[in-house]
Structures are given as C-alpha cells and as structure tokens.
Number of protein chains: 2
Amino acid sequence: MTPFAAPVRDARFVLEELLEHDSLSLPGFEETTPELVEAVLEEAARLAGEVWAPLNASGDSQGCRRREDGGVGVPDGFAEAYRAYAEGGWNGIGVAEALGGQGLPEVVASAVQEMLHGANMALGLCPMLTAGAIEALAHHGSAAQRARYLAPLVEGRWTGTMNLTEPQAGSDLSRVRTRAVPCPEEEGDHYRLTGQKIYITWGEHDCAENILHLVLARTPDAPEGNRGLSLFLVPKFLVNDDGSLGERNDVTCTSLEHKLGIHGSPTCTLSFGEQGGAIGYLIGEPGRGLNHMFTMMNEARHKVGLQGIGVAERACQQALAHALERTQGRRPPARGGRECIIAEHLDVKRMLLSMRARTDALRALALTCAARMDVARHAEDAEARQAAQARVDVLIPVVKAFSTDQAVDIASLGLQVHGGMGYVEETGAAQLLRDARIAPIYEGTNGIQALDLAGRKLTRDGGAALDGLIDEVEATARALSISEDLHYLGESLAAGAADLRLAASLVLEQSHDPELGPDAVQAHATPLLTLTGHVLCAWQMGRAALKAEAALADGSADPFYRAKLASADFALRHWLPVGRAQLAGIEAGMTRLADLDPASL
Amino acid sequence: MTPFAAPVRDARFVLEELLEHDSLSLPGFEETTPELVEAVLEEAARLAGEVWAPLNASGDSQGCRRREDGGVGVPDGFAEAYRAYAEGGWNGIGVAEALGGQGLPEVVASAVQEMLHGANMALGLCPMLTAGAIEALAHHGSAAQRARYLAPLVEGRWTGTMNLTEPQAGSDLSRVRTRAVPCPEEEGDHYRLTGQKIYITWGEHDCAENILHLVLARTPDAPEGNRGLSLFLVPKFLVNDDGSLGERNDVTCTSLEHKLGIHGSPTCTLSFGEQGGAIGYLIGEPGRGLNHMFTMMNEARHKVGLQGIGVAERACQQALAHALERTQGRRPPARGGRECIIAEHLDVKRMLLSMRARTDALRALALTCAARMDVARHAEDAEARQAAQARVDVLIPVVKAFSTDQAVDIASLGLQVHGGMGYVEETGAAQLLRDARIAPIYEGTNGIQALDLAGRKLTRDGGAALDGLIDEVEATARALSISEDLHYLGESLAAGAADLRLAASLVLEQSHDPELGPDAVQAHATPLLTLTGHVLCAWQMGRAALKAEAALADGSADPFYRAKLASADFALRHWLPVGRAQLAGIEAGMTRLADLDPASL
C-alpha cells in the first residue's frame with residue numbers, strides 16, 4: 001500500500017499564490033499569519049499521513065459491526081485516531097473563537113479537511129457530521145442550548161449526526177413521517193420522538209462520550225409537506241444541567257448497512273422511541289426544520305466536494321507510485337532499448353496527467369469557494385459579503401457535484417493504471433473507487449445539485465452571480481492571451497467561457513417559458529452543471545498557469561511549476577473541450593426527452 | 001433484486017432490421033433460418049433469465065473458496081447452471097459443425113453470449129475461456145490433438161483456461177519465465193513445465209470433468225523476448241488414448257485472488273511443476289506461442305466487449321425498474337400535483353435514456369462486428385473475406401475498449417439512479433459496477449487496445465480500413481440528411497465522421513515522423529479510440545433511427561421504435577459531441593506530455 005502524503009505543496013500553492021492569502025486580510029484573522037497557516041498545514045499533513053492514512057485499508061477490510069447490546073464497533077484504531085484528532089484541537093480549527101474554536105479561515109480548514117478525507121474518508125465523515133451539528137446549533141439553537149451542547153461538540157468530545165432520510169423520504173423530505181409530540185407542560189419543554197431514520201452516518205459508535213442527533217420530524221399539528229417539519233436535538237445520553245451525562249435516551253441502532261465502500265463509517269438505521277419516545281429538544285423555529293437543515297447542508301455539500309478531492313488526490317499518488325515502480329516493455333532499440341517503467345509509456349503518462357490536472361483543478365476551485373465563504377462571513381462591507389455569498393451559492397453545487405463525479409472517474413482511472421493489480425483488493429486502488437462512489441449520492445444527489453444550480457441559483461438572480469464568475473473567467477483568459485507561451489490556453493478558456501454564458505442564457509430563457517419552464521431546467525440541469533464545472537476548473541488551471549509561468553520566468557527550478565504548466569495545458573486543451581460538448585446537447589433541446597414514455601426504455 | 005430479461009427484442013432488431021440477417025445468406029448457413037435464430041434467442045433468454053440470472057447476486061456474496069486439498073469451490077448453484085448450459089448444447093452454438101458444434105453464425109452466438117454475461121458475468125467467463133481454448137486447438141493443434149481434446153471442450157464437458165500473466169509479465173508478455181523442457185525422447189513428445197501463472201480465470205473448479213490449460217512458456221533454447229515463447233496444452237487430468245481421464249497433472253491452484261467483483265469466477269494462481277514438472281504438449285509451432293495466443297485473444301476481446309454490453313443492459317433494466325417504482329416529489333400543482341415516480345423527473349429520465357442509448361449503440365456495433373466476422377470466415381469471395389477481416393481488425397479493439405469503458409460508466413450511472421439504495425450492496429446495482437470494472441483491464445488493457453488501433457491497425461494499411469468504415473458512416477449521414485425529421489441527426493453524424501477522418505489522418509501523419517512517431521501514436525491512442533467508438537456508435541444509432549422512422553411511417557405502434565428514435569437523438573446530438581471533443585486534444589498535440597517528468601506529477 002502506497003503511503004499517503006497530504007498535498008501540502010499544492011494546498012500552499014493555492015492558498016499563497018492563487019488566492020494570495022486574501023482571507024488573512026479579513027477582520028478577525030489579524031493573528032492568523034501565513035507562517036501559522038503553513039504550520040497548520042504541515043501538522044495536519046502529519047496527522048493525516050501518520051495516524052489516519054495507515055488505518056484506511058484495515059478499516060475497509062474490517063468494517064463495522066453491531067454488537068448484541070445495540071452498540072457499534074468501529075475498526076481497530078479508529079477510536080484512537082479520532083481521539084488524536086480531537087485532542088489535537090483539529091475539530092475546532094474552523095469554528096469561530098466565540099464558540100470555542102480556533103477561528104481559522106474556512107479556506108485553511110477546508111485544506112485540512114481535504115487532507116484528512118484523503119487519508120481516511122470513512123473516519124473523516126465522523127467530524128464532518130459533527131461540523132454540521134455545530135453549524136445548526138450555532139445558528140439556530142437557543143442560548144441555553146448553545147451553552148450546554150456546543151463546547152463538547154467543538155472539542156470533539158461529542159459527535160453529531162444528521163437524521164433526514166427515511167425509507168420513503170430520500171430526495172423528497174416532505175415525506176418525512178417521524179413524529180415529535182410535545183410533552184405535557186409539567187414534564188418540561190421537550191418533545192417525544194418516534195420513528196425510523198436510515199443512512200445515519202456515524203449514527204452509533206463508542207469513539208466519543210456522547211452523540212447528538214439532529215432529527216427532522218413532524219409535530220402533531222403541523223401541515224403536510226416541507227413546512228410541517230421541525231428540527232430536534234436528540235442526545236444519545238441526556239445531558240444534566242451541570243453538563244454531565246445522564247440517562248440513555250430512547251434511540252437505538254437497529255442495523256448497519258452493508259455498503260459498497262466507506263466500510264469504516266457505520267451507516268445506521270436509528271429507531272427513535274421504541275420504549276415510548278426519545279426525548280428531543282426543538283432547535284430553532286417550529287416548521288422551519290428544513291431551512292435549518294439546509295444551513296448545515298450547504299456547508300456539508302462543500303465538504304463532500306472536499307472528500308471527493310481528497311480521495312482523488314490519494315488515487316493520483318497511488319497510481320503514480322505504481323507507475324513509477326512497475327516495469328513493462330522496453331524503449332525502442334533506437335532509443336536505448338532499456339526497460340521502461342510504465343509511467344514512461346505516454347498512454348499511461350497521459351492517464352496520470354489527466355488525474356493530476358483534474359485533481360489540482362478541483363482543489364483550486366473548492367478552496368476558491370472556501371475563500372469566498374470567508375469574505376461572505378467576515379468582510380466589513382455588507383455589499384462585499386452579499387456579493388461573495390452569491391458566488392458561493394453558485395459554486396457550492398458545482399464543487400459538490402463536479403468534484404465527486406470527477407473523483408469517481410479519477411479513482412477508476414487510478415485503478416486502471418494498476419492493470420490487473422488494481423482489481424485485486426489488496427492493492428487499495430479499488431477501495432478508493434468504492435469509497436468515492438458514495439459522494440455523488442449523499443448530501444443531495446448530484447442531480448439535486450444540478451437542479452439547485454440550474455433552478456434556484458441561476459433563476460433567482462437572473463444569472464447575475466454566474467455571469468460575474470464568467471467575467472472573472474474571461475479576465476483570466478485575457479491575461480493568458482497576452483502571454484507568448486500561454487495564448488493557446490487563453491483561446492481555449494475564452495471559448496469555454498463563451499459557451500457557458502450561452503448555455504446559461506439558453507436555460508434561463510427556456511425557464512421563463514410558461515409551458516417548458518420546469519421541464520427545461522430539469523432536462524438541462526446536469527449538462528449545465530457539468531459545463532460549469534469544466535469551465536471553472538479550466539479557469540483555475542489558467543490562473544495556475546499564469547503563476548507557474550511567472551515563477552519559472554523568475555528563475556524557479558521547481559519541477560512543481562513545470563508539472564503545473566503541463567496540467568494546465570491538459571486541463572484547458574484536452575479536458576475542457578469535453579465539457580464544452582455539453583452545450584451541443586443544451587442547444588439541441590429535449591423534445592424527445594419530455595415526450596418519452598420512460599417505461600419504453 | 002430486479003429479474004433480468006435478456007434483450008431479445010433489441011437483439012432481433014439488430015439482427016433482423018439493422019443487419020438484415022446478412023450472415024444467413026453466407027455459404028454454410030443454408031439451414032439457419034430466421035425462425036431458427038429467433039428460437040435460439042428465445043431459448044437463450046430463458047436460460048439466461050431463469051437459470052443464470054438468479055444466481056448472480058448469491059454468487060457475488062458467496063464467492064469462491066479454496067479448499068484444503070487445493071480444489072476450488074464455486075458458489076452454490078453454479079455447477080448446476082453450468083451443466084444446464086453445457087447439456088443444452090449452448091457451448092457449441094458458434095463452433096463449426098466440423099468441430100462438433102452447431103455452426104451458427106458468430107452474430108447469433110454473440111447475441112447469446114451477451115445475454116448470458118448480462119445474466120451472470122462471473123459464470124459466463126467459464127465458457128468464454130473455453131471458447132478461446134477451442135479456437136487455439138482448432139487453428140493450431142495437430143490432428144491428433146484436435147481428435148483427443150476438441151469434442152469434450154465443444155460439448156462443455158471440459159473447460160479451458162488461458163495462462164499468460166506472471167507477476168512480472170502483464171501487458172509485456174516477453175517477460176514470461178515459465179519454462180517448458182522437452183522430455184527425453186524415450187518418454188514421449190511432451191514437455192515438462194515449471195513456473196507460476198497468475199490471474200487465471202476459472203483456473204480450478206469442479207464444474208467440469210477436466211480443465212485444459214493453455215500455457216505460454218519458454219523452451220530452454222529459445223531466444224529472449226516474444227519470439228522465445230511457445231504455447232502448451234496442460235490438462236488438469238492427463239487424457240488416455242481412449243479419451244478417458246488418467247493421472248492428475250502437476251498443476252495446482254495455490255491461491256485465489258480477493259477481487260473487487262466477479263466474485264463467482266475463481267481467479268487462480270496456478271503453480272506448474274511443484275512435483276517436478278507439469279506435462280504439457282506443444283500446440284502449433286515452437287516460438288509462435290504469442291501469435292497463436294493472439295488468435296484466441298482477438299476473439300476473446302470481442303467477447304469481453306459483449307460482457308460489458310451484457311452488464312450495461314442489466315444496469316439499464318435494474319435502474320429503470322427502480323425508477324418506475326420509486327416515488328419522490330410531486331408534479332407542480334398546475335399539472336395535477338400528483339406523486340411522481342422518479343423516472344418522470346427529466347433529470348432521471350435523462351440518465352435512463354443515456355444508459356439505454358449507449359447500451360443499444362454498443363450492442364449494434366458489437367453485433368455488426370460479429371456479422372463482419374461471419375463474412376470474413378464464410379464469404380465465397382476471397383476479396384470480400386479480406387475486406388471484412390480488415391474491418392473486423394479495426395472494430396475489435398474499439399468494441400473491446402469502448403464497450404467496457406462505457407459499461408463501467410453505465411453501471412455507475414445505474415447505481416446513481418438508485419440514490420442511497422444503490423450504494424447498499426443488497427440492491428445489486430453496486431455489483432454491476434464492481435463486475436464491470438474488470439472488463440477494461442483484462443484481455444489487454446484498454447490502453448493496449450488503443451495502441452492496437454492507433455498503432456498496428458491504423459498504420460499497417462495507412463488507415464484504409466478505418467477510412468472504409470468512415471465511408472459507411474457518411475453514407476448513413478447522407479441517408480439521414482434527406483429525412484425531414486432526422487436531418488439534424490445526419491448533420492451531427494457527418495460532423496463526427498469528418499472529425500474522425502481528420503483525427504486519424506493527424507495521427508497517421510505524425511506516426512510517420514521519424515522523431516515523433518511512436519510517441520505520437522502512444523499519446524493520441526486513447527483519444528483516437530474514444531472518438532472512433534463515439535462515431536461508430538452514433539453511426540449505428542443513425543441506422544437504427546432510419547429503421548425506426550420507416551417502421552413508424554409504415555404504421556407501427558410499437559413503443560420500441562419511439563424509444564429508439566429518442567435514443568438515437570440522444571446518441572447523436574447529446575453524446576456524440578462529447579466524443580468529438582477528443583479531436584481538440586489530438587489537434588492540440590502532446591508536447592507537454594512527452595517532455596514531462598512523470599515523477600513530478
């Protein structure tokens with residue numbers, strides 16, 4: 001198994017050179033120096049590489065098991081690795097200091113999260129869900145709730161879960177049936193929950209002292225549909241006034257899923273109220289549960305994108321290590337006739353370059369999105385905050401869906417580089433594909449992301465935020481066009497930007513058609529998201545090429561910059577055209593699709 | 001688990017309408033009537049759907065196990081299902097009557113094989129390997145060898161294996177080290193083999209009375225490299241002069257691989273000569289082993305393409321069944337507000353259409369290739385045979401690589417249609433992805449296929465055979481262009497054909513450059529193969545659209561034809577552009593790639 005070296009060099013390139021540490025100039029980050037960021041990345045890389053990564057394969061083969069007593073055992077070493085993470089203070093790095101965190105910029109926290117997911121995605125899911133619970137409580141919890149529950153979550157002593165899905169309610173949460181009944185007044189202000197939730201990530205385990213379940217449920221008087229849903233906090237162990245743990249609550253893990261991948265992450269069916277009703281506390285306003293959940297989910301979607309990138313990075317490293325070691329074939333006699341490592345075969349080198357170029361592009365885009373989150377939260381100027389948030393809103397479904405679709409493909413290509421050895425589980429390449437495959441599904445399927453982009457995000461502002469992003473892409477294209485060596489890249493990028501602008505305007509136009517409207521958006525949503533992902537990734541690689549060219553012109557001999565130029569060339573001239581092809585489909589329209597009886601397929 | 005219904009309707013469409021049963025007019029097929037073919041397809045569908053398909057999931061979860069005595073147990077029911085196949089005479093349907101088979105056209109045998117692979121790919125591998133052994137013996141075996149070994153193979157009483165790979169010799173077979181030493185003359189004309197072979201599919205099992213291993217090995221006086229390799233027949237049980245089974249030979253299964261998929265197919269490490277030397281018989285000429293193997297491999301590559309198509313078909317059926325049953329969301333109130341099945345959501349319907357369109361296109365292409373094989377073997381006119389063979393030679397790497405790459409993607413999309421349920425193993429969608437993932441690797445990785453196309457097949461005739469295929473594509477484009485309803489498809493297809501012609505000429509041109517030659521071919525091989533696959537698949541769907549339009553114009557109300565038109569529209573106007581984007585990369589060239597130090601990636 002190839003060891004994992006977290007991508008500190010490339011993360012630093014993005015943070016320092018592409019983003020020029022913009023986040024650090026925002027109010028609240030006065031004490032966050034570039035040196036501190038560097039130290040954080042180096043330390044995170046150590047935790048990822050030395051503590052988390054070595055458990056990735058064993059965690060996969062061992063998996064989780066449900067014990068007789070309803071408890072869940074996670075793979076050997078996971079509890080210790082999680083504690084090393086929590087005790088190292090990693091759980092709070094991105095959490096505001098006011099909430100007990102270290103208040104580092106989101107862009108730094110994101111770089112760290114990617115490293116940890118690359119090291120061990122199954123384990124990384126545990127704190128990822130906790131982060132969602134922290135968000136929900138911080139934004140929607142009462143002062144008393146925040147006082148009681150936040151600190152142990154931020155410290156990582158307790159973990160959190162998100163309980164949305166039920167067997168009949170997946171993408172459509174209006175079907176949620178779990179019920180929450182208020183207790184008689186004399187008993188307190190809590191509710192009693194009964195129902196069943198499925199696919200609850202890290203829903204039960206012994207790695208932490210307590211688990212706080214955030215549960216979407218329906219109150220007795222609530223209307224049908226989305227507006228009837230409220231959000232509840234259901235602790236595994238009830239919490240006494242002094243913060244100590246009290247009784248075990250009425251929530252039990254009734255089974256674990258047998259999944260394709262992320263075997264080290266227990267995916268639980270949770271039953272609430274088998275003994276009469278699980279005690280739950282209303283979070284935020286009644287009937288606003290779905291909105292409150294979406295606060296968490298938007299963040300979580302960005303983090304799922306980071307998962308994809310982490311796994312893609314690991315796939316790159318593992319495929320490269322194999323290709324640098326495995327010898328097959330010889331050079332032609334005219335070229336010395338010596339044995340070749342397979343990385344020298346251009347078809348294989350092309351696969352490696354394709355993996356690397358795409359992974360770097362996705363990382364740059366996801367971190368650019370995170371840097372905008374920092375602006376949206378911390379900029380002094382309200383207009384700047386709003387403008388940044390509008391860009392973030394457009395970027396998040398793209399980061400989630402495009403990164404994870406690509407991650408599956410990158411992991412699959414990594415397996416291919418291994419040849420027959422890739423198909424044998426011991427090599428570890430197959431695990432990366434199996435693990436990556438969940439990411440396009442959870443936190444809203446990639447189809448839902450596409451509808452979010454093409455429906456909500458695009459139509460609500462008439463495409464203004466996306467247009468603003470395309471303006472930035474075009475500015476990069478112009479900068480490339482005046483470079484002697486990179487003008488080809490500029491032409492490519494400009495063409496991509498023009499395609500995206502046209503595609504978005506076509507979808508918008510059709511969305512206003514009273515007859516076609518929702519159908520047009522649905523039919524074109526995924527092609528539009530794919531095209532957007534390609535153009536924005538190409539944009540990032542265009543920016544990277546400019547920086548690399550400047551560094552080389554300044555006399556740098558770092559092979560990193562040469563590789564970056566090769567990656568940029570691949571991304572803009574070989575990969576971007578594939579994305580641009582989505583425009584043809586949008587232009588062709590979808591008459592046949594709307595009229596088609598699916599049963600005839 | 002969704003039951004599997006073998007695609008009789010579409011196979012008949014391809015055979016009867018697209019190929020107009022051309023094969024049946026060839027010499028030797030006088031007694032093969034369309035009615036017979038129809039009956040064969042119906043019977044095969046029954047075997048596939050009722051006997052093989054129900055064992056697919058249980059075979060996956062149970063897997064194979066190596067017993068203490070070195071034997072290998074395959075999943076419950078596999079032996080019986082294999083016997084049902086053999087006793088039904090299915091093993092010999094495509095084998096010449098002179099060899100004891102039924103001598104049906106390859107195009108019919110191929111349609112049947114696809115059905116069986118769709119039903120149970122792991123089990124389908126067993127006869128697939130036997131077919132290779134039959135080929136090798138029929139072409140290269142002596143009269144005595146054919147007399148002794150062929151009949152039980154054709155009847156399916158014995159099975160065959162191909163032993164090529166060794167730990168150090170995967171894609172590069174010149175590294176094979178297994179040794180074959182001739183016995184002292186007084187002992188006989190056999191050899192003693194010692195060495196180890198890995199990844200031997202169905203290398204050991206109890207489903208048949210005997211196993212014939214075809215083994216690539218090196219004789220003592222042989223030169224290094226490919227020319228030193230000879231082909232040997234090593235029976236598991238030696239065969240007496242009367243055909244009865246004799247002693248157990250010195251070949252043992254020392255381990256089974258733990259693979260990502262095809263768990264029901266035992267992948268063995270075979271050790272030859274642990275007791276002093278396995279008895280083997282030279283097949284064909286000494287030093288020509290690799291050539292003899294390639295006879296088998298070319299055929300086998302076509303069959304691997306069929307595996308991909310079979311699994312893709314099953315993925316289509318399973319995703320559709322789920323999407324027709326699963327309800328999520330509602331129609332907008334203005335449209336009745338009723339509950340929706342997810343197949344009605346256009347984004348999901350688009351996924352289903354994409355899967356169906358690609359699967360149908362791949363099937364049509366693979367069967368078109370098989371029909372050309374029939375001409376290449378049976379046409380009276382030698383020139384016609386040669387011309388057909390030249391087309392077959394170009395088509396085979398495309399059918400193998402493009403079908404299997406697409407199959408992985410189609411299976412992955414099928415999983416996506418299932419949402420969270422797709423990631424849970426019980427649903428069966430994940431198995432299809434795991435099973436499909438081997439097909440781009442074995443029988444020559446898809447990179448090797450691309451090199452075969454762009455290097456050998458394209459350069460050896462200056463692109464003449466590919467040009468001939470493109471002429472046919474253009475003829476279809478012209479036919480579409482004069483149709484009022486389909487002229488858009490004609491424009492698309494013509495553009496694709498032009499792109500492919502340009503791409504092929506660019507690669508050819510660069511291949512003649514003494515400096516760039518091999519590098520250019522290597523760097524552009526995969527993009528060229530991908531583009532070829534797209535254009536040829538679009539061609540098939542263009543032909544299908546013409547037939548469907550004619551049928552509808554004749555008053556047919558069969559929804560099959562409406563679906564075919566929708567698939568063709570998708571294939572030519574949404575999918576083909578993605579393939580055409582490969583030209584941009586070929587035009588951009590690969591300077592950065594050749595100069596790049598892979599270690600810097």
Side-chain angles (χ1 to χ4, degrees), chain A residues 165 170-172 199 257-260 320 324 328-329 332 343 345-347 349-350 352-353 356 408 412 416 419-420 423-426 430 437-438 440-441 445 447 450-451 518-519 522-523 525-526 559 562-563 566 569 573-574 577-578 580-581 584-585 588 592-594 596-601, chain B residues 165 170-172 199 257-260 320 323-324 328-329 332 343 345-347 349-350 352-353 356 408 412 416 419-420 423-426 430 438 440-441 445 447 450-451 518-519 522-523 525-526 559 562-563 566 569 573-574 577-578 580-581 584-585 588 592-594 596-601:
Chain A
T165 307
S171 295
D172 180 5
Y199 302 156
E257 299 294 348
H258 174 218
K259 307 186 301 294
L260 175 62
L320 179 61
L324 290 174
Q328 291 286 279
H345 293 292
L346 289 194
D347 182 62
K349 203 199 276 188
R350 191 180 196 287
L352 297 170
L353 179 62
R356 169 53 61 210
V408 171
S412 185
Q416 185 72 19
Y423 201 65
V424 173
E425 287 286 4
E426 281 75 4
R437 193 60 193 80
I438 186 59
I441 296 173
T445 65
L451 293 174
D519 281 357
Q522 280 212 12
T526 292
R562 299 223 158 272
D569 190 78
R573 301 215 288 161
H574 297 251
V578 177
R580 291 180 55 200
R592 301 260 189 214
L593 188 61
L596 179 68
D597 175 8
S600 69
L601 284 172
Chain B
T165 307
S171 294
D172 180 5
Y199 302 156
E257 299 294 348
H258 174 216
K259 308 185 299 294
L260 175 62
L320 179 61
L324 290 175
Q328 291 286 278
H345 293 292
L346 289 194
D347 183 63
K349 204 199 276 189
R350 191 179 195 287
L352 297 170
L353 179 62
R356 169 54 60 211
V408 171
S412 184
Q416 185 72 18
Y423 201 64
V424 173
E425 287 286 3
E426 281 75 5
I438 186 58
I441 295 173
T445 64
L451 292 174
D519 280 357
Q522 279 211 14
T526 293
R562 297 224 157 272
D569 188 78
R573 302 216 287 161
H574 297 250
V578 176
R580 291 180 54 200
R592 302 260 187 212
L593 188 62
L596 179 68
D597 174 9
S600 69
L601 284 173

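To find a chain, count down the sequence lines: A is the first, B the second, and so on, and within it residues start at 1.
Among A:A599, A:A563, A:G329, the residue making the largest number of heavy-atom pairs under 4.5 Å with chain B is A:G329. Note on B:D597, B:T445, B:I438, B:T165: by heavy-atom pairs under 4.5 Å with chain A, the leading option is B:I438. The most heavy-atom pairs under 4.5 Å with chain A, out of B:A523, B:A525, B:A323, come from B:A523. Taking chain B as the reference chain and counting heavy-atom pairs below 4.5 Å, the highest number among A:P559, A:G170, A:A430 is found for A:G170. Ranked by heavy-atom pairs shorter than 4.5 Å toward chain A, the options B:E426, B:Q416, B:K259 are led by B:Q416. The greatest number of non-hydrogen atom pairs below 4.5 Å with chain B, out of A:R437, A:R580, A:R350, is found for A:R437. Per-residue counts of heavy-atom pairs under 4.5 Å with chain B were compared for A:G420, A:A450, A:G419; the largest is that of A:G420.
Looking at every heavy atom in both residues, A:I441 comes nearest to B:Y423 through CD1-CB, 4.3 Å. Residues A:L596 and B:K349 share a closest heavy-atom pair of O-NZ, 2.7 Å. The two residues B:A588 and A:H574 come nearest to each other via the heavy atoms CB-NE2, 4.1 Å. The minimum heavy-atom distance linking B:A594 with A:L346 is given by the pair CA-CD2, 4.2 Å.
Of the two parts of B:L353, the backbone and the side chain both hold a non-hydrogen atom closer than 4.5 Å to a non-hydrogen atom of chain A. Residue contact with chain B, scored on non-hydrogen atoms closer than 4.5 Å, involves the backbone and the side chain of A:D519 alike. For A:L320, the part sitting under 4.5 Å from any heavy atom of chain B is the side chain, from C-beta outward, and nothing else. For A:R356, the part sitting under 4.5 Å from any heavy atom of chain B is the side chain, from C-beta outward, and nothing else. Both the backbone and the side chain of A:S412 have a heavy atom closer than 4.5 Å to some heavy atom of chain B. Interface residue B:L324: only side-chain heavy atoms are found under 4.5 Å from chain A. Heavy-atom distances place the side chain of A:Y199, and not its backbone, under 4.5 Å from chain B. Using a 4.5 Å cut-off between heavy atoms, A:E257 contacts chain B through its side chain alone, with no backbone atom that close.
The shortest distance between side-chain heavy atoms of A:R562 and B:S600 does not fall below 4.5 Å.
One distance of note links CG of A:L352 with CG of B:L593; it measures 9.5 Å at 0.5 Å rounding.
Remark: the backbone N or O of B:Q328 is not paired with any side-chain donor or acceptor of A:D172 at under 3.5 angstrom.
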